[in-house]
Visitor: 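Once you've had a glance at the structure underneath, I'll fire off some questions.
Numbers restart at 1 for each chain; the letters A, B, ... are given by sequence-line order, proteins then strands.
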Amino acid sequence: MELNDLTIAEMQDGLRARKFSATELAKAALAAADRAKVMNIFITETHERTLAMAAESDQRFAKGMARPLDGVPVAMKDLFCTKGVRTTAASHILDAFVPTYESTVSANLWRDGAVLLGKTNLDEFAMGSSNETSFFGPVENPWRKLGDARSRVPGGSSGGSAAVVAARIAPGATGTDTGGSIRQPAAFCGIAGIKPTYGRCSRWGIVAFASSLDQAGPMARTVRDCAILLQSMAGYDAKDSTSADLPVPDFATAITGDIRGLKIGIPTEYRVDGMPAEIAAVWDRGAQWLRDAGAEVRPVHLPMTKYALPTYYIVAPAEASSNLARYDGVRFGLRVPGTGDLTGMYEATRGEGFGKEVRRRILIGTYVLSAGYYDAYYLKAQRVRSLIARDFQKAFEQVDALLTPTAPSEAFARGEKSGDPISMYLNDVFTVPASLAGIPGMSVPAGLSGNGLPLGLQVLGRAYDEETVFRVAGVLEQAAAFAAKPEPWWVKP
Amino acid sequence: MAIDKATVAKIARLARVRVGDAEMTSLAGELSKILTFIEQLDEVDAAGVEPMTSVVQMGLRRRPDGVTDGDKRDDVLKNAPDAMAGFFTVPKVVE
Amino acid sequence: MGQAVTEPAPQLFDGATGKWEVVIGLEVHAQVSSQSKLFSGAATEFGAEPNSQVSLVDAAMPGMLPVINAYCIEQAVRTGLGLKAAVNLRSVFDRKNYFYPDLPAGYQISQFKQPIVGEGEIFIELADGAVRRVGIERLHLEQDAGKSLHDQHPKFTYVDLNRSGVALMEIVSKPDMRSSEEAGAYVRKLRTILRYLGTCDGNMDQGSMRADVNVSVRKPGGALGTRCEIKNVNSMRFIQQAVEYEARRQIEVIEGGGTIAQETRLYDANTGVTRSMRSKEEAHDYRYFPDPDLLPLVLTQAEVDAIKATLPELPDEKRRRLENELKISPYLAKVLVAEKETADYFEVLVAEAGKRTGKKPAEMGQDSANLLVMELFGLLNKDGRTIEASPVSAAALAGLLALRLDGTISGLASKEVLAEMFATGKDAASVVDEKGLRQVSDTGEIERLVDQAIADNPKQLAQFKAGKETMLGFFVGQVMKMSQGRANPAVVNDLLRKKLAG
């Protein structure tokens with residue numbers, strides 16, 4: 001077996017048993033990255049730092065002072081600020097920004113010995129569901145439709161992180177999820193990914209998109225690997241006023257394989273009009289797997305579901321329009337003189353520095369907050385958001401977790417939806433409600449479509465109950481026995 | 001609600017984002033579609049529902065007063081496009 | 001205050017069409033006396049090197065987040081309680097969005113719809129003794145902006161973010177003031193209260209207190225006019241000047257057939273005029289919404305009560321106590337409470353004098369007040385010094401007062417002693433001893449002088465005996481002269497009366 005095929009858990013075992021070194025793992029990962037350049041996964045490569053960090057891990061192994069993640073290569077979504085390593089948010093406006101600080105989540109990973117394996121591509125400022133809005137160009141999904149050489153999108157916004165794991169370059173990567181940006185690309189790329197409860201991971205040092213929704217989480221090939229990574233990433237941070245001051249449970253031990261007696265809800269409203277038969281089928285199959293494992297599966301109602309997307313597309317752009325006001329060409333980032341006066345400089349910098357989708361969302365956000373519209377749009381949306389959260393609370397009075405598809409389709413072809421914002425937004429229909437409610441959600445690979453593309457199932461849990469989510473996801477993973485790998489078409493013979 | 005080019009121009013100005021004339025027209029169409037989409041919320045009767053301020057059910061945490069930060073001018077100015085004499089700069093402003 | 005609150009007598013301006021009344025409301029920005037900023041741990045000290053007191057949060061670097069300063073919350077509550085205002089147990093921080101170089105995040109964190117403090121009141125006293133009540137609309141916490149320097153470079157404006165994020169309390173009055181004098185008195189009184197509370201140092205020179213002045217004019221009793229906001233007026237004098245200039249300007253515009261546009265104006269202290277601030281006019285749409293990086297601020301009643309229990313005595317209450325309990329005249333009481341330092345000095349003076357003389361405050365309040373206000377203040381003023389820089393401490397002054405109250409020195413000698421204490425920093429007793437100013441009350445010694453005076457002036461004695469009672473004063477003067485002013489005048493009087501009658 002190649003080193004790159006190992007899971008994080010297997011790497012940890014092998015490293016501890018001294019079967020291979022951290023440096024060997026790092027070199028294998030870097031070599032795989034070099035072979036896969038055509039997929040445009042990385043915005044910034046960090047070869048030297050990767051090897052240096054691996055060498056440090058090896059020294060700790062030699063001294064018997066190894067830390068939990070020592071030697072495990074982890075790719076970082078380029079939304080996490082990394083000290084001394086360029087951090088771009090995939091935007092022209094930040095394309096030369098080198099932070100003097102390290103995000104809390106990445107710092108937690110390094111504290112536990114993880115090895116940085118480059119900064120991965122994403123939709124600009126995490127705004128997108130296909131990774132096509134990156135200033136650095138789109139990422140290619142390692143998976144292709146059977147008999148079709150056209151590029152498929154990896155999903156988004158954490159498309160680079162999903163692709164890096166699916167292509168067996170890194171065993172794990174970090175993502176962020178605002179409306180589905182971890183779960184949807186995980187589904188499109190046939191890997192696992194969890195958006196924890198809002199507040200579980202610190203947002204400090206993560207370039208903000210929509211503050212009330214943004215949440216970091218891990219992406220890996222197995223549920224267990226996600227649990228291992230989240231263990232290091234999560235935790236209270238006094239620098240983030242919305243960080244949850246709660247102990248972090250042992251996530252990996254929650255994956256018991258035993259869900260007997262657990263009540264699982266199937267939200268009937270998620271069976272949307274025009275749902276592809278294959279999606280419906282994999283959902284039904286998932287429900288049956290859980291039943292077979294001894295869970296009690298029953299329908300539940302989330303009546304506000306259809307209003308989640310409209311709510312999201314008010315709240316998220318509103319917050320974004322304000323969060324992105326700091327990119328003004330004064331203290332960091334791109335500066336374009338424009339007409340030469342202050343306003344001209346602002347407008348030229350932001351007009352040129354932001355891509356089309358980001359500009360679109362800034363304008364929508366500005367509009368819904370503007371005088372005369374605030375009550376009708378923003379305030380209304382926050383009221384509906386309360387109702388959506390209430391729906392989930394009621395559902396969780398009856399059941400312990402919910403099962404839904406992750407996305408309404410398989411990975412689509414590049415350019416297929418980029419002309420129509422609404423059809424792009426509809427991709428997040430199953431992931432957005434949990435984001436609005438702040439509850440944890442995990443996508444697990446559940447099988448392949450008729451086209452040979454991965455499909456994912458989503459498990460949703462109560463706030464701060466990632467343990468149940470992991471437990472149910474583990475059972476799905478076992479039942480699905482998803483072993484398919486993308487054909488490595490990117491490797492030239 | 002349909003928004004026209006003039007409205008796009010107004011919000012683009014408010015957001016300090018330069019938008020070309022051609023893009024202004026296409027944006028008016030796209031933004032109108034998005035607004036129509038989000039106006040589905042008109043169907044919801046949310047009267048009397050408390051608007052959500054945070055999904056986190058806890059109080060605002062407070063830090064003790066005390067100087068624990070600052071004194072890092074080099075870090076602060078490091079990424080500045082055009083810093084001079086320890087200041088950030090912008091094109092001259094007339095108040 | 002003891003006086004009854006009176007209705008305002010508006011300041012009337014003569015226009016071509018008759019009299020006009022001015023209506024004034026004030027928004028005062030008071031810097032919280034905290035060591036670090038409202039949402040970051042950077043220092044707030046005045047006068048530091050540019051951008052040296054800036055954290056990554058204050059510079060709004062990507063991914064930076066605000067964490068609120070507990071002390072600032074307490075000071076806002078404390079100030080609210082000092083203004084007899086309602087404290088809101090739940091308040092919300094909003095973002096006020098606009099672009100300006102000294103506003104790094106592109107938004108200011110402030111409190112818009114749900115401020116931490118609601119309605120309160122302040123009483124002000126005018127020169128004619130009239131007392132007015134000015135309503136407080138609200139107090140909220142917000143961040144200060146940085147500083148733009150427009151005159152350092154021909155092509156660029158320089159930006160210093162040292163002030164960026166400093167905690168401010170914005171205290172908004174109701175439009176209750178009707179004259180520039182009232183506006184000045186309001187700011188003075190507010191400053192005094194803040195300094196008593198210790199929540200703001202009130203230093204207007206350093207920008208710790210700035211006022212935005214809202215001015216409109218109307219025909220007496222008519223409907224409110226459109227107001228203009230004059231930004232950042234930073235001295236009491238300028239506030240009064242700006243009000244008067246702006247009122248006259250508005251009257252002229254209206255009488256000339258124009259209308260007043262609601263706008264932000266700048267007061268130019270050099271020319272004494274206000275002018276429109278175009279840079280702030282362009283986009284007036286602040287797009288307030290609750291800051292999603294913060295949660296609602298929830299206080300408990302117990303927390304508020306605990307702060308309430310530590311409130312100091314405030315100027316109005318102190319003045320009442322000085323008048324009623326210490327029997328101090330209204331004029332002196334007013335002077336004593338006007339500045340916190342004076343009031344503090346006075347409290348020590350009375351306490352120390354009490355220790356030395358065993359007298360109750362009511363028995364020596366007026367004397368203490370007189371000594372401080374009529375005598376020490378005179379010396380301080382002559383030297384251009386403030387009470388904090390007095391070379392005579394409150395305890396030392398109490399030493400002098402005690403010597404005077406127990407008859408050790410005369411009132412006349414006391415002045416000389418104080419001048420010497422002021423010049424040398426010595427204590428009262430040493431000065432009295434050095435100068436031999438101890439008053440003689442010993443009847444034996446005085447009797448000798450009295451006998452001598454009578455013996456030396458037979459002519460005057462005869463006049464007295466003939467019924468010219470006023471000659472008593474002559475003899476007192478003689479005795480005092482012989483004693484070099486040290487004889488106790490009361491004893492001298494007593495003895496002379498007896499001897500002359502005999």
Visitor: Between A:Ala238 and chain C, which part of the residue has a heavy atom less than 4.5 Å away: side chain, backbone, both or neither?
Guide: backbone
Visitor: Quick one: pull up OG in A:Ser322 and CG in C:Asn97 and give me the separation to the nearest 0.5 Å.
Guide: 4.0 Å
Visitor: Is chain C contacted by the side chain of A:Ala210, its backbone, both, or neither, given a heavy-atom distance below 4.5 Å?
Guide: neither
Visitor: Identify which part of A:Phe80 has an atom lying under 4.5 Å from any heavy atom of chain C, answering side chain, backbone, both or neither.
Guide: neither
Visitor: Would you mind checking which part of A:Ile206 comes under 4.5 Å of any heavy atom in chain C, side chain (CB onward), backbone (N, CA, C, O), both or neither?
Guide: backbone
Visitor: Report the C-alpha separation of A:Lys239 and C:Leu65 in whole Å, then their side-chain angles, then the decisive distance to 0.1 Å, and conclude whether the side-chain contact (heavy atoms from CB on, under 4.5 Å) test is met.
Guide: CA-CA 7 Å; A:Lys239 292 186 287 190; C:Leu65 298 171; over 6 Å; no
Visitor: To the nearest 0.5 Å, how far apart are OG1 in A:Thr242 and CG in C:Leu294?
Guide: 9.0 Å
Visitor: Less than 4.5 Å to any heavy atom of chain C: does that hold for the side chain of A:Asn323, its backbone, both, or neither?
Guide: both
Visitor: Just wondering, more than 12 heavy atoms not from C:Glu45 lying within 6.0 Å of its CD?
Guide: no
Visitor: Once rounded to the nearest 0.5 Å, what's the spacing between atom OG of A:Ser321 and atom CZ of C:Arg287?
Guide: 6.5 Å
Visitor: How long is the span from the CG atom in C:Asp293 to the OG atom in A:Ser212, to the nearest 0.5 Å?
Guide: 9.5 Å
Visitor: Does the side chain of C:Met61 come within less than 4.5 Å of A:Phe97's, by heavy atoms?
Guide: yes
Visitor: Parallel, tilted or perpendicular, judged at 30° and 60°: which one describes the rings of A:Tyr378 and C:Phe289?
Guide: perpendicular
Visitor: Out of curiosity, C:Met64 CE to A:Arg326 CZ, how far, rounded to the nearest 0.5 Å?
Guide: 8.5 Å
Visitor: In terms of heavy-atom proximity below 4.5 Å to chain C, should A:Thr366 be classed as side chain, backbone, both, or neither?
Guide: both
Visitor: With a 4.5 angstrom heavy-atom cut-off, could you sort out which part of A:Tyr373 is near chain C: side chain, backbone, both or neither?
Guide: neither
Visitor: Which bit of C:Tyr288 comes within less than 4.5 Å of chain A, counting heavy atoms only: side chain, backbone, both or neither?
Guide: backbone
Visitor: Under a 4.5 Å heavy-atom cutoff, which of C:Pro101, C:Ala59, C:Ala60, C:Gly106 has the most pairs with chain A?
Guide: C:Ala60
Visitor: Evaluate whether atom NZ of C:Lys147 has more than 12 neighbouring non-hydrogen atoms of other residues, nucleotides or ligands under 6.0 angstrom away.
Guide: no
Visitor: Where does C:Tyr107 contact chain A at under 4.5 Å (heavy atoms): side chain, backbone, both or neither?
Guide: side chain
Visitor: From C:Asn51 CG over to A:Arg331 CZ, what is the distance, rounded to the nearest 0.5 angstrom?
Guide: 10.5 Å
